[in-house]
Structure formats: C-alpha cells, structure tokens
Amino acid sequence: GESVGLHLPTLSVQEGDNSIINCAYSNSASDYFIWYKQESGKGPQFIIDIRSNMDKRQGQRVTVLLNKTVKHLSLQIAATQPGDSAVYFCAEITLNRDDKIIFGKGTRLHILP
Amino acid sequence: NAGVTQTPKFRVLKTGQSMTLLCAQDMNHEYMYWYRQDPGMGLRLIHYSVGEGTTAKGEVPDGYNVSRLKKQNFLLGLESAAPSQTSVYFCASSLPGGLASYEQYFGPGTRLTVT
C-alpha cells in the first residue's frame, strides 16, 4: 500500500551534519507548538515543544526556533545520525474556548551514509 | 508498560462492511483520540474522549462512531466502510489539562484498505 510519506518533501543530509527542518504555521494566535518524529510503520513520537512566548528551546541534540513575525517554526538536529531518518512534522495549538490542534504535512529526513 | 496499543495492525474491507478498531492504553490517561493520516495531509482528528463514558466529535467524524466504556479502551467503529476511509488510523492518549493534553502518546497505527 502507499506510504503516507510518499508525497512529502525530502531533506537529505550527510550523517554527522546538522539538519534544519522548517514548518510554516497558519494561525498567528497559536499558543503552543510541537515537533513530532514519525519513523516508518510507527506512530508519531513527541520530540520537543515550545510556547508562543518563547523564541528558542533546546533539548538533547534538538533545538526549536520560533519566529512569530513570519509564522515560522524550525527544528534543528545536531550531528544527524542514521536513527534520525523519519518524517518530522509540526503541530500548532490554539488554546481558547475550543482548543484546536493542526498538524503539518511533514518533511522526510533522509540520512546519507 | 506497553503504552498505547492498537488492534488490528492491518485490515482489508469491502465497501459496506463494518469493523471496529481497538485502542488500549496502560498509562491511566484520561484523554484518548482517534486520528487518520492520509498521503500528503497532516493528521486529522476523528473523535476524542476526555474520560470514561464521554466522547466528542473532531474534525472529520462522519462515517465513524466511537465508544469509551472503560478508561483504558477507546473503540473506533466503521458501520459501512467506504473507499474514502482507506487510511492509516492512529490512536493517542494523554493526561488531562492545558498543555499536558497535547503531549500525546501515539499507538503504532492500523492500516485500513477499503476496496
């Protein structure tokens, strides 16, 4: 059957290099953002999150940057490893009377040996 | 601790057939969700539940029904399957309250094909 990742943009990165994956979000009022990693045949896995009142947050080998002026989110992965091969997608959350979460379509990260 | 599990992993249905997808979680989470994932699209929320005995519609509820009779289980039913319901279905669970409800733990998915 067709993979859900078949039509996604692909980023190819040499093993050991840094990767930057981008996401444009839609709602300037979104309060919270999450990056997920989805390996082939598995469910999405939470990587890192950031609140809208922050512009940078760091985790282990990952950094998320938020630019609210242009509604842009990026995920930086340092020293990319073969195990980082996956589809990465962002999610934006708007917290109000009707909380809403919108998931991005994703980017496939391909690690070159 | 198995986390979130889904049954079955794969299924092929003929148009008009019915089936139930089972999701189970052993983390004592209050919130549970059913999503579908289609090529070229982000995850879309079908139905969700904020506690045992309660369910609510998500973004794309038509053609699906759900039940949450036990806290640890969330069932997704298709009464009369259609080819448009061919997709990969993910269940997720989370703790309640504010941002914690968005730190969702996902199951491995069920790939459903309707012919």
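We name chains A, B, ... by the order of the sequence lines, and we start the count at 1 in each one. Excluded from the calculations below are hydrogen atoms, water molecules and symmetry mates; all remaining heavy atoms, backbone and side chain alike, are included.
Linking Ile, Leu, Val, Met, Phe, Trp and Tyr residues whenever their side-chain heavy atoms come within less than 4.5 Å places B:L112 and B:F74 in a single cluster. Following chains of ILVMFWY side-chain contacts shorter than 4.5 Å, one can reach A:L66 starting from A:M54, so the two form part of one hydrophobic cluster. Residue B:V4 is not grouped with residue B:L21 when hydrophobic side chains (ILVMFWY) are merged at heavy-atom distances under 4.5 angstrom, including chains of intermediate members. Residue A:V62 is grouped with residue A:I21 when hydrophobic side chains (ILVMFWY) are merged at heavy-atom distances under 4.5 angstrom, including chains of intermediate members. A:V87 and A:Y25 fall into different hydrophobic clusters, where Ile, Leu, Val, Met, Phe, Trp and Tyr are joined by side-chain heavy atoms under 4.5 Å apart, directly or via other members.
With a threshold of 4.5 angstrom between heavy atoms, B:Y35 approaches chain A through side-chain atoms but not through N, CA, C or O.
Legend: salt bridge (Lys or Arg N to Asp or Glu O under 4.0 Å) pairs involving residues 68-81 of chain A, not counting sequence neighbours: none detected.
The interface of residues 39-49 of chain A with chain B, defined by heavy-atom distances below 4.5 Å, comprises A:G41, A:K42, A:G43, A:P44, A:F46, A:D49. Annotation: residues 42-57 of chain B contacts chain A through B:G42, B:L43 [non-hydrogen atoms, separation under 4.5 Å].
The distance from atom CZ of A:F89 to atom CD of B:Q37, rounded to the nearest 0.5 Å, is 6.0 Å.
Heavy-atom minimum distance, B:Y102 versus A:Y36: O-OH, 3.2 Å.
Heavy-atom contacts from other residues, nucleotides or ligands closer than 6.0 Å to CD of B:Q17 number more than 12.
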Output, in order, the C-alpha distance, side-chain angles, deciding distance and verdict of side chain to side chain contact (heavy atoms under 4.5 Å, CB included) for B:Y33 and A:I101. CA-CA 12 Å; B:Y33 315 80; A:I101 181 168; over 6 Å; no

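Residues satisfying the side chain to side chain donor-acceptor pair (under 3.5 Å) criterion with A:T80, sequence neighbours excluded, are A:S19.
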